[in-house]
Novice: 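First the structure, which I've put down as structure tokens, then a few questions once you've had a look.
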Amino acid sequence: MSQQDRPEDAASANPDFSENTDHRRHHSAQVVDGPGKAASRAMLRAVGFNDDDFKKPQVGIASTWSRVTPCNSHINVLADAASDGADAAGGKGVVFNTITISDGIANGTEGMKYSMASREIIADSIEAVAGCEGFDGVVAIGGCDKNMPGCMIGLARLNRPSLFVYGGTIQPGAGHTDIVSVFEAMGAYSQGNMSRIEVKQIEETAIPGPGSCGGMYTANTMASAIEAMGMSLPNSSAQDAVSQTKQDDSRAAGEAVLELLELDIKPSDIMTREAFENAITVVIALGGSTNAVLHLLAIANTIGVELSLDDFTEIGKRVPVLADLRPSGHYMMSELVAVGGIQPMMKMLLDAGLLHGDCLTVTGKTLAENLAGVAPYPVDQAIIKPLDAPVKATSHLRVLYGNLAPEGAVAKITGKEGTRFTGKARVFDSEEEAQARINDLTVVAGDVLVIRYEGPKGGPGMREMLTPTSAIMGRGLGDQVALITDGRFSGGSHGFVVGHITPEAFVGGPIGLVEDGDQITIDAENDVMTVHIDDAEMQRRRAAWKRPAPRYTRGTLAKYARTVSSASKGAVTDLPEALDDGID
């Protein structure tokens with residue numbers, strides 16, 4: 001076409017060429033506006049865009065759907081609902097997928113080492129897709145342990161108007177069972193207290209369909225923390241996975257992103273220091289998983305909020321445990337859903353001055369405004385205790401220090417297993433070694449099991465010890481055997497357990513110097529963990545210690561080991577100092 005044949009005003013002739021003046025389209029305009037983006041538009045037309053769609057804010061819907069695990073097997077339906085909500089509110093929803101893995105399936109195997117690495121892969125993929133495609137806003141939908149914090153880290157990195165949707169909780173299995181019932185049945189079988197037929201009956205009925213594991217395990221803990229932080233719509237954490245309520249929540253999330261875009265509210269406006277304090281408060285009140293410590297530290301680190309292990313201790317001094325929920329309690333999340341979810345409990349905490357009510361949320365309102373009309377629990381419910389008669393007066397999450405954990409460790413002590421334990425070390429350099437000795441009855445009352453070289457770098461991947469802790473419980477030794485590790489625990493673990501020990505053994509931490517027969521004391525009243533050997537002996541052992549060879553030298557786990565930070569910093573992989581601290 002010659003110069004004289006070209007229209008004088010291409011912008012008026014083709015709206016695709018017009019200059020963008022809509023602040024909501026800051027990112028997508030760079031991808032689809034103007035004559036130079038014809039190729040981009042051509043590609044998008046092939047996936048369903050039309051002329052009008054190019055003028056709308058684009059909302060990426062990050063779906064963690066897969067048939068890998070029941071936690072996520074229904075999320076495709078929720079992703080479509082969120083996309084429909086974005087479309088109805090004047091945007092253009094674009095669904096894309098990221099991975100998920102199943103802790104429940106991989107537990108006790110080498111494959112479990114990919115679990116924590118998957119959190120980083122999920123965050124990386126959400127950041128990569130949204131950053132590349134120019135999405136103006138994002139809805140992330142997660143339903144399992146690592147994809148939930150992975151989604152949140154991805155949203156924090158992008159810092160575009162966005163929110164999180166929880167996939168929802170599973171229904172109880174027959175006889176009030178769940179996945180932990182199966183693990184503990186396996187332990188009972190090894191002790192001779194249950195037959196193979198009985199184990200199979202539990203196996204066949206404990207997981208009745210889609211949804212996240214049913215107690216206050218990691219998924220339900222993180223969903224509650226994210227809601228308390230203000231990054232999901234009110235009550236998103238307390239809905240059944242397969243329900244019209246959860247589909248409505250997903251659709252409403254798609255609509256809410258357009259309002260966040262209009263108001264230019266970003267995650268950094270919501271995820272403030274006070275918002276993280278609210279999340280920690282709710283996790284403690286619910287008796288939530290130790291994994292929340294790891295994940296909240298990681299999310300805070302990503303969004304640029306100062307948060308440390310000691311903050312959990314300080315908040316825990318004033319916040320009681322109120323929920324009688326599994327694994328240490330009786331009830332399941334679906335039963336809490338039936339009586340109102342976590343919103344009435346949050347209203348109790350707010351009225352008692354234990355929450356920051358002025359924190360902004362994804363509704364565009366403050367937390368206090370969201371809770372203003374919330375009704376109290378039914379008078380006959382027994383799941384959430386009153387503030388003046390709690391399950392435990394202070395936090396169950398204890399951060400321990402001492403000569404075994406100079407940089408801290410995280411214990412989950414409800415009080416049912418006691419608050420102090422002294423015993424003799426029985427040392428294992430892998431989870432498999434420990435599991436074999438539990439099953440063959442070598443482990444006996446009075447032992448302190450030391451499972452090391454399972455930290456973020458040493459494992460690598462920081463496996464969770466649900467299989468050994470469940471075997472201990474199944475053998476009836478929950479208050480007679482302690483287990484300490486530089487790995488971590490499932491939200492379903494209970495008993496006298498201490499994880500996240502830092503520094504980990506692989507980088508020369510004292511846990512790598514413990515020997516069989518050493519006396520160890522875990523004191524959850526004074527928050528101290530001690531191996532009873534003198535400094536001279538500790539120095540002798542340190543001088544003789546040699547770092548073992550890395551277990552992986554290529555691939556995902558090798559990359560993870562080279563870049564991951566300490567568990568005390570959330571085990572993130574993009575700290576500048578972590579990138580400089582590779583494995584020789």
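Reckoned from all heavy atoms, side chains included, excluding hydrogens, waters and symmetry mates. Bear in mind that the values here come from a model prediction, so they are computed numbers and not experimental data.
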Novice: For H494, what residues pass the side chain to side chain donor-acceptor pair (under 3.5 Å) criterion, not counting sequence neighbours?
Specialist: E184

Novice: Once salt bridge (charged side-chain N to carboxylate O under 4.0 Å, His left out) is applied, do any residues pair with E432, and if so which ones, sequence neighbours excluded?
Specialist: R463

Novice: Please list, chain by chain and in numerical order, all residues satisfying side chain to side chain donor-acceptor pair (under 3.5 Å) with N301, sequence neighbours excluded.
Specialist: none

Novice: Kindly write out the residues that satisfy side chain to side chain donor-acceptor pair (under 3.5 Å) with H356, not counting sequence neighbours, or none if the list is empty.
Specialist: E277

Novice: The criterion is ring pair (Phe, Tyr, Trp, His ring centres under 6.0 Å); which residues satisfy it with H176, sequence neighbours excluded?
Specialist: H330

Novice: With sequence neighbours excluded, what pairs up with D516 under the salt bridge (charged side-chain N to carboxylate O under 4.0 Å, His left out) test?
Specialist: none

Novice: Can you name the salt bridge (charged side-chain N to carboxylate O under 4.0 Å, His left out) partners of D429, sequence neighbours left out?
Specialist: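 Scan of D429 (salt bridge (charged side-chain N to carboxylate O under 4.0 Å, His left out), adjacent residues dropped) gives R452.
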
Novice: Nearest 0.5 Å, please: how far is OG1 in T245 from CG in D249?
Specialist: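 Nearest 0.5 Å value for the CG-OG1 distance: 9.0 Å.
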
Novice: Can you give me every donor-acceptor pair (side chain of residues 401-411, partner residue at least two apart or in another chain, under 3.5 Å) with its distance?
Specialist:
unit_1: Y401; atom_1: OH; unit_2: D310; atom_2: OD1; d: 2.6
unit_1: N403; atom_1: OD1; unit_2: V531; atom_2: N; d: 3.0
unit_1: N403; atom_1: ND2; unit_2: V531; atom_2: O; d: 2.9

Novice: To the nearest 0.5 Å, how far apart are CE in M152 and CG in L163?
Specialist: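 These two atoms lie 9.5 Å from each other.
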
Novice: Decide yes or no for M222 and S212: does some side-chain heavy atom of the first lie under 4.5 Å from some side-chain heavy atom of the second?
Specialist: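 Side-chain contact under 4.5 Å: no.
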
Novice: Are any non-hydrogen side-chain atoms of I533 and L513 less than 4.5 angstrom apart?
Specialist: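 They are not in side-chain contact.
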
Novice: Within the 4.5 Å heavy-atom criterion, are S470 and M186 side-chain neighbours or not?
Specialist: no

Novice: Would you call M345 and L336 a side-chain contact if the rule is heavy atoms closer than 4.5 Å?
Specialist: no

Novice: List in chain and number order the residues that pass side chain to side chain donor-acceptor pair (under 3.5 Å) with K200, two or more places apart in sequence or in another chain; answer none if no residue qualifies.
Specialist: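 In terms of side chain to side chain donor-acceptor pair (under 3.5 Å), with neighbours along the sequence ignored, K200 is linked to E204.
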
Novice: Check the pair Q201 / T177 against side chain to side chain contact (heavy atoms under 4.5 Å, CB included), numbers first and verdict last.
Specialist: CA-CA 11 Å; Q201 288 172 337; T177 53; over 6 Å; no

Novice: Applying side chain to side chain contact (heavy atoms under 4.5 Å, CB included) to I520 and V450, what does each step give before you reach the verdict?
Specialist: CA-CA 10 Å; I520 292 174; V450 180; 3.9 Å; yes

Novice: Test: ring pair (Phe, Tyr, Trp, His ring centres under 6.0 Å). Region: residues 412-448. Which pairs qualify, not counting sequence neighbours?
Specialist: F421-F496

Novice: Of all residues at least two apart in sequence or in a different chain, which pass the salt bridge (charged side-chain N to carboxylate O under 4.0 Å, His left out) check with D324?
Specialist: none

Novice: With side chain to side chain contact (heavy atoms under 4.5 Å, CB included) as the test, would you mind laying out the steps for T290 and F312 before giving the verdict?
Specialist: CA-CA 11 Å; T290 54; F312 289 82; over 6 Å; no

Novice: With a cut-off of 3.5 Å and sequence neighbours excluded, list every side-chain donor-acceptor pair involving residues 484-492.
Specialist:
unit_1: T485; atom_1: OG1; unit_2: I451; atom_2: O; d: 2.7
unit_1: T485; atom_1: OG1; unit_2: G487; atom_2: N; d: 2.8
unit_1: D486; atom_1: OD1; unit_2: Y453; atom_2: N; d: 3.4
unit_1: D486; atom_1: OD1; unit_2: E454; atom_2: N; d: 3.0
unit_1: D486; atom_1: OD1; unit_2: G455; atom_2: N; d: 3.4
unit_1: D486; atom_1: OD2; unit_2: Y453; atom_2: N; d: 3.2
unit_1: D486; atom_1: OD2; unit_2: A505; atom_2: N; d: 2.9
unit_1: R488; atom_1: NE; unit_2: M462; atom_2: O; d: 2.7
unit_1: R488; atom_1: NH1; unit_2: N291; atom_2: OD1; d: 3.2
unit_1: R488; atom_1: NH1; unit_2: E464; atom_2: OE1; d: 2.9
unit_1: R488; atom_1: NH2; unit_2: S115; atom_2: OG; d: 3.1
unit_1: S490; atom_1: OG; unit_2: G492; atom_2: N; d: 2.8

Novice: When you compare the side chain of T169 with that of M332, does any pair of heavy atoms fall below 4.5 Å?
Specialist: no

Novice: Is a side-chain donor-acceptor pair under 3.5 Å present for T221 with S289?
Specialist: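 S289 vs T221: no donor-acceptor pair found between side chains.
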
Novice: Within a strict 4.5 Å, meaning less than it, do heavy atoms of the K146 and T100 side chains meet?
Specialist: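 Sidechains of T100 and K146: no contact.
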
